[in-house]
Protein chains: 4
Amino acid sequence: MVDGSGRGRPRSESARAAVLHAVDDLLVEVGYAALTMKGIAERAGVGRQTVYRWWSNKAEVLYEASAIDARHELSVPAGDDPREGLKAYLDALVAFLSRSHAGAAYRALMGEAQHDADVAALLASRDILGESAAAVVEEARRASGTTLSQEQATALLIGPPFFHILTGRSADAIDTEQLADQFVRALNPPGT
Amino acid sequence: MVDGSGRGRPRSESARAAVLHAVDDLLVEVGYAALTMKGIAERAGVGRQTVYRWWSNKAEVLYEASAIDARHELSVPAGDDPREGLKAYLDALVAFLSRSHAGAAYRALMGEAQHDADVAALLASRDILGESAAAVVEEARRASGTTLSQEQATALLIGPPFFHILTGRSADAIDTEQLADQFVRALNPPGT
Amino acid sequence: MVDGSGRGRPRSESARAAVLHAVDDLLVEVGYAALTMKGIAERAGVGRQTVYRWWSNKAEVLYEASAIDARHELSVPAGDDPREGLKAYLDALVAFLSRSHAGAAYRALMGEAQHDADVAALLASRDILGESAAAVVEEARRASGTTLSQEQATALLIGPPFFHILTGRSADAIDTEQLADQFVRALNPPGT
Amino acid sequence: MVDGSGRGRPRSESARAAVLHAVDDLLVEVGYAALTMKGIAERAGVGRQTVYRWWSNKAEVLYEASAIDARHELSVPAGDDPREGLKAYLDALVAFLSRSHAGAAYRALMGEAQHDADVAALLASRDILGESAAAVVEEARRASGTTLSQEQATALLIGPPFFHILTGRSADAIDTEQLADQFVRALNPPGT
DNA sequence: GTATAAGCGAGACGGTACGTCTTGTCTTGGC
DNA sequence: GCCAAGACAAGACGTACCGTCTCGCTTATAC
């Protein structure tokens, strides 16, 4: 028994999959603003109540549909050279934010979080970007002997390309190798 | 005469002011999501058509209502010490993004721009953050002799606190003096 | 000016007519139970809000759509012979209740009134059957010198065929001439 | 064994009783319109399928729940005086239609039958009112030597108070003694 | 001074999503 | 094989907002 009692008809896995698939398709086709719970249900061939039963709003459906992809796309294999590891991570980050479906979902949710506390809480429950950067940031902090916290160092690494892309600038103008260098320099303790 | 012919009743300045005032109040009271053209018109005591006649959507009204405040809040007087100038700018930026009404409007619009091309174009028409940083970034670039473009340097300065705040972290954890130092170090050419 | 202020767009007479026409058609096509406000709006090519703006529920729309027809169908020209007047009225009544569209609407509303106080109040606002019988009943009362009130006499006249039809019996079995005779006999004061 | 096979779990008498009890309570509490199969099942503490297994709709449940009470309330002991028998029956009829729970159920079902053929068929399967009146009407026909059929005579007796109550008039205004007299007069052959 | 024209508040219009409700069916495990 | 629980697809409920439209009124310039 998965749920508490085991009584009643169990949740339909096929309905769940259909909804997640539908929301993914619809985000690409009509965009976030035109994404509606009604539309999701109809596209998935599912009753509206079934969608509402398991997710409160379109943000939750979208989050569940994209979180796994997001984590996957942002995970880079650990390499030998820390500098290359940073560059590889930044490449993945830029690709995710500017070209991936899951990244489009993330940007939409990030945007919604600016004016919807529920969505903000949803995103805060799993710091996808911070987690994805954890390994390379940790390694860089260790290597540099910086006094910066993990959080501060993460903002230093992700912040510049994040700002660049979210303010609508072209991702092509980003030089990840240079960003990695700048990050390392910024990390070094002032005295050295 | 402002418009071509000058014929007909001229635009009511009081209606315009009432709308801009109403949108400001409503953003604070009900939030961006619950902000509606209908609500704005009713709050302003104005016909709905009057709002639609001059702005196409709530984002445009909000932009016009907050852009002037935004520019004002982000302008810092030039000082003698460049390092202090950077810190003063970062302080203003953090205050704007995390505590100001105009900043709340900016974050809402920035979020909406992630999934609405019209809003993205609206924000792109005036790069408020980039402009506000132009003077201090320019000065820092000149002083450091960096090869970075103005755009790249701007992302380096604004990116970290921008990421920090837009991903929902507390603004209190931001140390602007440290950020200024890191920015200067990152800016220095590799060879020096 | 018809309404209080004369301000705002006036009510659309074509929308009103389309709704009343649609409800009439739909009652015949799908029956009262399957009649819905949504269906009426769609059939009329009208927004749902427009229906709700002017009528609270399907009973009100149906009532307005059928009341005029009902009154028309139940009005019989006054004749010379009272006995023939009674028969003519009963014929009209039986035809109305058992074969007319407006009568089907009336039966549906009468039924709904049994378990919906709003509909009961709606029907009570205009006693269509009682009014239609008023003239012949009045004449019969005058001629017979009965002590019965108008209301009691009306129930005596309408009751038997009303019961017959509303309890699902065939209208063909009704002998209106005989009913008229019985009504006159029942009306006579006991002592005569 | 009641059913053919006797295999499987037998029908739960307690579930049946709980459903009939629940529907009775709910009719009084929320009225016919708000009575739902779902609500009945929940109130009875019974699975919805169990309700659907034995009754097809709320009308059937309600009919079964009230038919026995109805017959009981409408049966009047035969007396010596036919005139008093008629009055006693009319008193029971008026009380039933205007004040009894079972009568409220009957009026609701009668109303529903005006626009639901299934409910009409259900009511037609057992002519509760006609049956209850059979004895007194039969006796009156025999005594008067009328040529009227049992059905016609029944309509003559029940029709007036039936019309009065179902069209929403007050039951207090009904004078059953007078109605009995009128019925007897109407029944008499024209020639006598 | 009298057209002509455009802006004004009000509010109805056709559409459509919202989140909730009930429908009748289906699918569990337990009795 | 009946039972309670509860998920399922379907679709109506009444409300809200969308962007457009049609009113009568007001306030300008242009003739």
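Note on naming: letters A, B, ... go to the chains in the order of the sequence lines (proteins, then strands), and numbering restarts at 1 for each one.
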Exercise for review: Going 5' to 3' through nucleotides 14-19 of chain F, assign each nucleotide B (protein heavy atom under 4.0 Å from a base atom), S (under 4.0 Å only from sugar-phosphate atoms) or - (no protein heavy atom that close).
Suggested key: BBBSBB
Review point. Under 4.0 Å between a side-chain N/O of W55(D) and OP1 or OP2 of dG24(E), yes or no?
Key: no
Exercise for review: Look at the side chain of K58(B) and the backbone N and O of I40(B), then say whether any donor-acceptor pair between them is shorter than 3.5 Å.
Suggested key: no
Check your understanding: Considering only side-chain heavy atoms of R53(B), which listed nucleotide, dG7(E), dC13(E), dC8(F), is closest?
Key -> dG7(E)
Point to revise | Length of the CZ-P vector between R7(C) and dA12(E), whole Å | key: 13 Å
**Study point:** For L20(C) against V61(C), the heavy-atom pair lying closest together
**Key:** CD2-O, 3.8 Å
Check your understanding: Can a side chain N or O of W54(C) be found less than 4.0 Å away from OP1 or OP2 on dG11(E)?
Key -> no
Point to revise | Close side-chain approach of R11(A) to R53(A), heavy-atom, < 4.5 Å | key: no
Check your understanding: Applying salt bridge (Lys or Arg N to Asp or Glu O under 4.0 Å), which residue pairs with at least one partner in residues 27-37 of chain B are found, sequence neighbours left out?
Key -> E29(B)-R43(B)
Check your understanding: With a distance cut-off below 6.0 Å to the six-membered ring centre and an angular limit of 45° from the axis, does R16(B) pair with W54(B) as a cation-pi contact?
Key -> no
Exercise for review: Give the rounded distance in Å between these two atoms: CZ of R11(C) and C1' of dG14(E).
Suggested key: 15 Å
Review point. Does L166(A) offer a backbone N or O that forms a donor-acceptor pair with the side chain of Q114(B) under 3.5 Å?
Key: yes
Practice item. Return no unless some side-chain N or O of T50(B) is found under 4.0 Å from OP1 or OP2 of dG9(E). Key: yes
**Study point:** Residue met sooner reading DNA chain E from 5', once S12(C) and G47(B) are mapped to nucleotides
**Key:** G47(B)
Exercise for review: Please confirm whether any donor atom in the side chain of R9(A) sits under 3.5 Å from an acceptor in the base of dC26(E), or the reverse.
Suggested key: yes
Point to revise | Atom-pair distance (CZ on R43(D); P on dT22(E)), nearest Å | key: 14 Å
Review point. In whole angstroms, how far is the C1' atom of dC8(E) from the CD atom of E13(B)?
Key: 14 Å
